Amino acid sequence: NAGVMQNPRHLVRRRGQEARLRCSPMKGHSHVYWYRQLPEEGLKFMVYLQKENIIDESGMPKERFSAEFPKEGPSILRIQQVVRGDSAAYFCASSPDQDNEQFFGPGTRLTVL
Amino acid sequence: SQKIEQNSEALNIQEGKTATLTCNYTNYSPAYLQWYRQDPGRGPVFLLLIRENEKEKRKERLKVTFDTTLKQSLFHITASQPADSATYLCALEGSNYQLIWGAGTKLIIKP
């Protein structure tokens, strides 16, 4: 059973471009969480999704950021018109149920030039 | 608002000793608390989950306590080894089943 997959592992974008981060949860997991982490800081919750539904997006900026988890395919975190402050590691996690342990992917390190 | 505090300073422990990490929280009564390990450049890895009706939980050399009166969890690693060196994160159940995370404590086990 493969773990949580994230791609790309590293992404470089220039200011104003779009960044698309992909996350394939573990097989059988229908709950996906996205987090952002800056160096030497803890994880900041961004959004929680179940298949085709956004359950909680309270940690995600209202502008430029969006997330989806379609019926088929990976979950996507999309950042439009990136700015330097978006540079961070973005982690995706999945779980089989709501109040269980979360399984994390290796993260995508976004660098905005 | 909910707040979680972990020691921001690195914890240096001699190999073979017990390492104890602290997680304090305020303005909240979570139903459960989780501990994760994170190595540099990697995603967190789940270690233990303890629920509010459990005082203590063990897994091999790991032990977690949960004191809902003190609003504190302690994480112990007995017979510590250099391979235990990592950052340890505590996370509390938040609203809508999302987790609220502490900033983590860096543990260094010296041979």
Side-chain angles (χ1 to χ4, degrees), chain A residues 2-7 9-10 21 23-26 29-50 53-60 67 69 77 88-111, chain B residues 1-10 21-25 28-54 57 59 62 64 66 86-108:
Chain A
V4 177
M5 311 279 281
Q6 286 188 253
N7 66 79
R9 293 293 307 277
H10 300 274
L21 287 62
C23 168
S24 295
M26 285 183 70
H29 289 193
S30 59
H31 302 258
V32 166
Y33 311 80
W34 283 95
Y35 297 91
R36 170 191 160 108
Q37 187 176 39
L38 292 170
E40 308 301 321
E41 291 189 13
L43 294 165
K44 300 294 184 197
F45 166 79
M46 297 183 72
V47 61
Y48 163 34
L49 310 105
Q50 267 186 280
N53 292 308
I54 295 176
I55 307 301
D56 184 346
E57 57 183 349
S58 59
M60 198 161 65
F69 189 15
L77 178 67
Y90 291 85
F91 289 99
C92 161
S94 73
S95 68
D97 294 302
Q98 289 172 325
D99 60 350
N100 261 326
E101 63 193 83
Q102 295 183 10
F103 295 80
F104 281 79
T108 293
R109 276 142 193 87
L110 173 66
T111 302
Chain B
S1 62
Q2 302 149 355
K3 193 175 177 183
I4 303 173
E5 288 184 354
Q6 292 186 257
N7 264 357
S8 56
E9 291 182 13
L21 287 71
T22 305
C23 177
N24 295 302
Y25 59 94
Y28 195 52
S29 295
Y32 58 82
L33 183 150
Q34 302 185 21
W35 283 89
Y36 289 75
R37 168 187 173 137
Q38 186 174 26
D39 291 283
R42 292 175 174 256
V45 175
F46 171 80
L47 296 174
L48 283 165
L49 181 154
I50 186 165
R51 299 191 185 275
E52 60 180 340
N53 60 346
E54 298 174 312
K57 205 151 194 182
K59 178 182 175 183
L62 309 180
V64 171
F66 192 8
T87 296
Y88 290 85
L89 306 168
C90 80
L92 306 181
E93 173 230 10
S95 56
N96 283 330
Y97 299 100
Q98 43 122 322
L99 290 176
I100 303 168
W101 296 78
T105 298
K106 187 173 183 179
L107 176 65
I108 300 168

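Small disclaimer: the values here were computed from a predicted structure and weren't measured.
Residue B:E93: no heavy atom, backbone or side chain, is found under 4.5 Å from chain A. Within the 4.5 angstrom heavy-atom criterion, no atom of A:S95 approaches chain B. Looking at B:L47, neither its backbone nor its side chain comes within 4.5 Å of chain A, counting heavy atoms on both sides. Contact annotation for A:Q6: neither backbone nor side-chain heavy atoms come within less than 4.5 Å of a heavy atom of chain B.
In this structure, B:W101 has its ring center closer than 6.0 angstrom to the ring center of A:F104.
For B:L89 against A:L43, the heavy-atom pair with the smallest separation is CD1-CD1, 4.3 Å. Across A:E101 and B:Q34, no two heavy atoms sit closer than the pair CA-OE1, 3.7 Å.
The candidate with the highest count of non-hydrogen atom pairs below 4.5 Å against chain B, out of A:F103, A:Y33, A:F45, is A:F45. When each of B:G102, B:A31, B:G41, B:G104 is scored by its heavy-atom pairs under 4.5 Å with chain A, the top score falls to B:G41. When each of B:R42, B:Q38, B:Q6 is scored by its heavy-atom pairs under 4.5 Å with chain A, the top score falls to B:Q38. Most heavy-atom pairs under 4.5 Å with chain B: of the set A:E41, A:K44, A:R109, this distinction falls to A:R109.
Summarising the geometry, atom CD belonging to A:Q102 is positioned 9.5 Å from atom CD belonging to B:Q98; distances are rounded to the nearest 0.5 Å.
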